[in-house]
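Everything on this sheet refers to the single structure shown next.
What's counted below: heavy atoms across the whole structure, side chains too, no hydrogens, waters or symmetry copies. Convention: sequence-line order gives letters A, B, ...; per-chain numbering from 1.
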Amino acid sequence: MGKQYQTEKTGQPMNDMDALIIGEHSFHSRLLVGSGKYRDLEQTRSAIIGSGAEIVTVAIRRTNIGQNSNEPNLLSVIPPGEFTILPNSAGCYLAEDAVRTLRLARELLEGRNLVKLEVLGDAKTLYPNMPETLKAAKILIKDGFEVMAYCSDDPIQARMLEDIGCVAVMPLASLIGSGMGILNPWNIGIIIEQSHVPVIIDAGVGTASDAAIAMELGCDAVLMNSAIAHASDPVRMARAMMNAVIAGRDAFLAGRMPRHHYHGDPSSPTSGLIELNEQ
Amino acid sequence: MGKQYQTEKTGQPMNDMDALIIGEHSFHSRLLVGSGKYRDLEQTRSAIIGSGAEIVTVAIRRTNIGQNSNEPNLLSVIPPGEFTILPNSAGCYLAEDAVRTLRLARELLEGRNLVKLEVLGDAKTLYPNMPETLKAAKILIKDGFEVMAYCSDDPIQARMLEDIGCVAVMPLASLIGSGMGILNPWNIGIIIEQSHVPVIIDAGVGTASDAAIAMELGCDAVLMNSAIAHASDPVRMARAMMNAVIAGRDAFLAGRMPRHHYHGDPSSPTSGLIELNEQ
Amino acid sequence: MGKQYQTEKTGQPMNDMDALIIGEHSFHSRLLVGSGKYRDLEQTRSAIIGSGAEIVTVAIRRTNIGQNSNEPNLLSVIPPGEFTILPNSAGCYLAEDAVRTLRLARELLEGRNLVKLEVLGDAKTLYPNMPETLKAAKILIKDGFEVMAYCSDDPIQARMLEDIGCVAVMPLASLIGSGMGILNPWNIGIIIEQSHVPVIIDAGVGTASDAAIAMELGCDAVLMNSAIAHASDPVRMARAMMNAVIAGRDAFLAGRMPRHHYHGDPSSPTSGLIELNEQ
Amino acid sequence: MGKQYQTEKTGQPMNDMDALIIGEHSFHSRLLVGSGKYRDLEQTRSAIIGSGAEIVTVAIRRTNIGQNSNEPNLLSVIPPGEFTILPNSAGCYLAEDAVRTLRLARELLEGRNLVKLEVLGDAKTLYPNMPETLKAAKILIKDGFEVMAYCSDDPIQARMLEDIGCVAVMPLASLIGSGMGILNPWNIGIIIEQSHVPVIIDAGVGTASDAAIAMELGCDAVLMNSAIAHASDPVRMARAMMNAVIAGRDAFLAGRMPRHHYHGDPSSPTSGLIELNEQ
Amino acid sequence: MNNIRVNGESCKVPGGWRVSDLLLDLGHIGGRIAVERNGEIVPRSDYEQVSLQANDNIEIVSAIGGG
Amino acid sequence: MNNIRVNGESCKVPGGWRVSDLLLDLGHIGGRIAVERNGEIVPRSDYEQVSLQANDNIEIVSAIGGG
Amino acid sequence: MNNIRVNGESCKVPGGWRVSDLLLDLGHIGGRIAVERNGEIVPRSDYEQVSLQANDNIEIVSAIGGG
Amino acid sequence: MNNIRVNGESCKVPGGWRVSDLLLDLGHIGGRIAVERNGEIVPRSDYEQVSLQANDNIEIVSAIGGG
């Protein structure tokens, strides 16, 4: 969705001009974060606050029978009143299971329809199962969900997801939890160019520059979890990611200088030098 | 100089812990910017202010005879009282000429000794001439200068510059004005590992992620000009670079997650799923 | 299918040990070539001969009504008795059309069942339409075809193609005709690791090293057309590709040295030097 | 030296047209190999024979006092009558030591003047010490040597070596023994473009595609040792390298197709399709 | 008593229990949970109406950290 | 005469023509071609048996260069 | 009058002129400049003492935008 | 006897020995070697003429595998 943004010089504050629009929702932050893999709920909250994210993904799992209900609950540290909670269907390998999981999520979140659909292909790579993803997306959209779909970087199937009615397509940069960054920026570029819904990089970001690169390509946002939670200092990395996404977005909007492959171009004038020796 | 920084959790504000020390000088910002190639002095100032840079490079050139002395002067928009002005010897191809140019600069700046030595190899590539750079560095240091030296990414000659007494080594990421980013991060990594003075990427940064990558490698700072001045919107790109350097520095200090080349690692738990269909 | 090859030192000639097996067929050459885009049929034949390829792809198109039937025909310069002709379904965007096209091809080639299935997603990118490819593969295999399937580099759908019964999976390196080489070697690596049928890079190879890289990754073969036909000297490039595939295959079987990221490792002994000056 | 080669269609056998000329010498093979790091002299000879190389580097070291002079000697398996023996100054860190070593080599090889100058910067990286290399080259050339100089990928100092009179410049691809391939193809490209003597990649090649890439860039030849000797099967890797260099050279001369970054370009005609369904 | 399955484990509950009785027993009252009975969502508002039948398959889920 | 379509173009052929008559007329005898009639392959061995009917949709294809 | 070179251009200045006279004439008084005479820096504090001699080579520089 | 150094090790050789005597003693006759005496090459043709002096520093080298 990169192309339609035009940088215009106006007196308006930037944030008003540059909101991230997903379905009916509008956000200031273009960084979405997961809530998994932290040391404890305190660190979870500190990192999420530090990231400046407004949208936070959660997983849906069975309550432990016999669990002490007084135990601190995830949603008490990232309350739905403060954040947009985005339930995912992580762990599901079939459309049907993803649909059931997300229906439970909607019930849990009092009818909120915005969900992250994720149907996996195998437990080893966690690569998306695209046929099941397409099938689940159709069912969920018919059932009133606003579906943000984790997907491969296949431009054709990304367009199918958009045509079905997904409110965002979320291609992987690289495997979930791999931290390898964007392996195929060309495919991501094609998806950005063709899409009319937000394109959000989901999975594979490893460090701040990966997030900046995603935004510079023209992605509308970036979703990450491990890159923050598995950093040595998650709270500092959360802040790094916030700034990297802002930097990458600004660089995209500012329009980078062209690359010159071979010849240096002096930053200082070539005339007006003092009388130099012959060279 | 990357290795000696240790992230420690203290109650101290970060900036106090993480100053950039060059010779006797201490800086908060790790972004150094040039002052060339802008549309006009107003844009020059706006972009430099927007970048948050404290150190600004300038070139030394003959005054135009007959020039109207009432014309606005560069140093009136980036006054030495507000910024650390770093004169360069850009345009010089011989040690002797660089030395003369920087002596003039010191006189111009009322005895300030901090200079950027730059001796070029040819006008086509602007690649540094290392033998002349080493020769000039020796003369200047003997003459009391604090020399920050633009250099190739050759670790051996970078060490020679340090051994001579340069206060910073400034390897190119890629050719001046090329915007190609860091072409050989391995050489930069070796220089960072071995150096006891700041390592500052000088030349070749093209966009925000390039700056973030430099900082994540462990560089102490980044110097750029064209990447800001030749962006479509220089003021916004200046802000992007400020945030990218902060993000890259934080990511370096936070300690990125390890890369996992092949196998996905789920961000959501793999147990506690609802009763799923067989797969 | 890379893993199961074990290099063993035997007295056997290599070609006997290292045949490419596709379905029931066995080949010496691991380079497959297309027959399109050449200047004329003479160049087509010269380049194909020069490449050493045994398998040559052809497209199926309407005869021109009124065409002079005495005109030289493609199959007269690459006769089915001399080459394995592999008809493709290039240009088809739906499973049904691909199936019809390949049934015509089988009739044309007197019942030969080996076909290259190619169902495209759009005319702009020529990226495969994977849902239609999967659908067509099922129909064709049920109808007795041996299907080699052009596909994306999605490991999950590559496995679906294998599970359906395809005799080879043929992921793109990059877009057809782009010459960009392998954009995502990690995905190709996963496909190689998991597959029990040959993995053949199809589309995107641009020059000889691209083909060598594919073979070094462990691909079983490489299919290309534009890289040869659009070279300035197609016949020489055909020979380059032949040697590159052989070189890459040998390098894969020989087992490359490990990469050492930082520290040099001398090729000459470090002791026994003459009495050197102190350093 | 890449530019001056023009591919012309002539009736001449290729090898006559495409000799590698170093100083007064002419070679058919563009692969130079080292003789170090093999299991034994038998493997040394088998791999060198397998590589097709005509030029073989050797190191100069003290004879072991008390050594059994009946022990097989390196030069008995790679006799100077069969190969061009290229002695190196590996292990030297100062110009003076390199000069002494190569004078001994000349005496040892009965006056042959062709030598590989190698002056190292430190034992950890084995990166060249360029100032000492330049100094040694001047002395050796004055003393009648034909100097092939191992050097960094600094185009300015490469030109200095040529200006001094070196018969070949030999920039590293990456650190000696690292197997990392060409880390900065842009610098190598500049050196090729400017040089009037052969440019030979020396050090850093890890596998066959690295050698092909070097030749495709326009290098005149490639020198390697570890990539062959440290492969699991050195003799097979030697053959891989021979073919990779031939393939890369042919691809360079054949003129590769242009890269098309985004849009697919069909290899099969887009018209003449059978009546397809609407898409 | 009826045999039912709750989150994959078999258990016995008194005849006539509603979903709300089960949740109360498990300590889930007031928590952020959702309930599925035999593959269908049980809306929060129906907890007190829906009876548990023999062989019911009940899933009770909550939100936990995930990416 | 019957109206048929051959490779997307309308044409008229005499009543009673077989596929072989059409191919002969088009000069395709002996060539490496394949024929589809109304979406179904006409095997080479049936060219002389299969009659062309009004509104038949005939595709005649050959192999050309492709990748 | 003395012939001197200023920033690479020949010009004539009256005998007895000091550097300060030249700078005044060129309108550089008070500006941020530096002066070199025959390859040696002329410190700001010496402008009024240093006389211009025939064939002097004067460079007058200022800071401009550069990277 | 004279004290000399050969390849970095001290040893004694009889007075009057030539380089050729040393090489014969070390078993290097006929081998592909080169000799340096006090930093200067001793050409093969001079082995029988050049006498070893006290404190001579002799290097004897051969070619070995290297890259």
Q: Step by step, work out the side chain to side chain contact (heavy atoms under 4.5 Å, CB included) result for D/Arg100 and D/Arg103.
A: CA-CA 5 Å; D/Arg100 279 174 62 207; D/Arg103 283 179 176 152; 5.7 Å; no

Q: Looking only at non-hydrogen atoms, find the nearest pair between D/Gln43 and D/Pro234 and report the distance.
A: NE2-CG, 3.4 Å

Q.
Below 4.5 Å, heavy-atom pairs only: which of C/Ala227, C/Ala231, C/Gly181 has the largest tally toward chain D?
A. C/Ala231

Q | Interatomic spacing from CD1 in C/Ile182 to CD1 in C/Ile201 - rounded to 0.5 Å | A | 4.0 Å

Q. Within the side chain of C/Ser29, is there an N or O that forms a donor-acceptor pair under 3.5 Å with the backbone of C/Leu31?
A. yes

Q | With sequence neighbours excluded, residues passing side chain to side chain contact (heavy atoms under 4.5 Å, CB included) with C/Ala240 | A | C/Ala208, C/Met237, D/Asp250, D/Ala251

Q: Kindly determine whether C/Met224 and C/Asp210 satisfy side chain to side chain contact (heavy atoms under 4.5 Å, CB included), including the steps that lead there.
A: CA-CA 11 Å; C/Met224 67 184 69; C/Asp210 294 338; over 6 Å; no

Q: Determine, step by step, whether C/Tyr150 and C/Ile176 satisfy the side chain to side chain contact (heavy atoms under 4.5 Å, CB included) criterion, reporting the C-alpha distance in whole Å, the side-chain angles of both residues, the deciding distance to 0.1 Å, and the verdict.
A: CA-CA 11 Å; C/Tyr150 168 61; C/Ile176 293 176; 3.4 Å; yes

**Q.** Contacting region of C/Ile246 [heavy-atom separation from chain D under 4.5 Å]
**A.** side chain

Q. Chain D: which of C/Ser174, C/Ala244, C/Gly206, C/Gly36 shares the most heavy-atom pairs with it under 4.5 Å?
A. C/Gly206

**Q.** Closest-packed option against chain D by number of heavy-atom pairs under 4.5 Å, given C/Ser232, C/Gly204, C/Ser35
**A.** C/Ser232

Q: Flag the one option from D/Ala203, D/Gly248, D/Ser209, D/Gly179 with the top tally of heavy-atom pairs under 4.5 Å to chain C.
A: D/Ser209

Q.
Below 4.5 Å, heavy-atom pairs only: which of D/Gly34, D/Gly91, D/Cys92 has the largest tally toward chain C?
A. D/Gly91

**Q.** Part of D/Leu120 lying under 4.5 Å from any heavy atom of chain C
**A.** neither

Q) Which one of C/Met215, C/Glu216, C/Met180, C/Glu118 has the most heavy-atom pairs closer than 4.5 Å to chain D? A) C/Glu216

(Q) Taking side chain as everything from C-beta outward and backbone as N, CA, C, O, which of these in C/Leu172 sits under 4.5 Å from a heavy atom of chain D? Side chain, backbone, both or neither. (A) neither

Q. Can you tell which of C/His230, C/Met241, C/Arg256 has the highest number of heavy-atom pairs within less than 4.5 Å of chain D?
A. C/Arg256

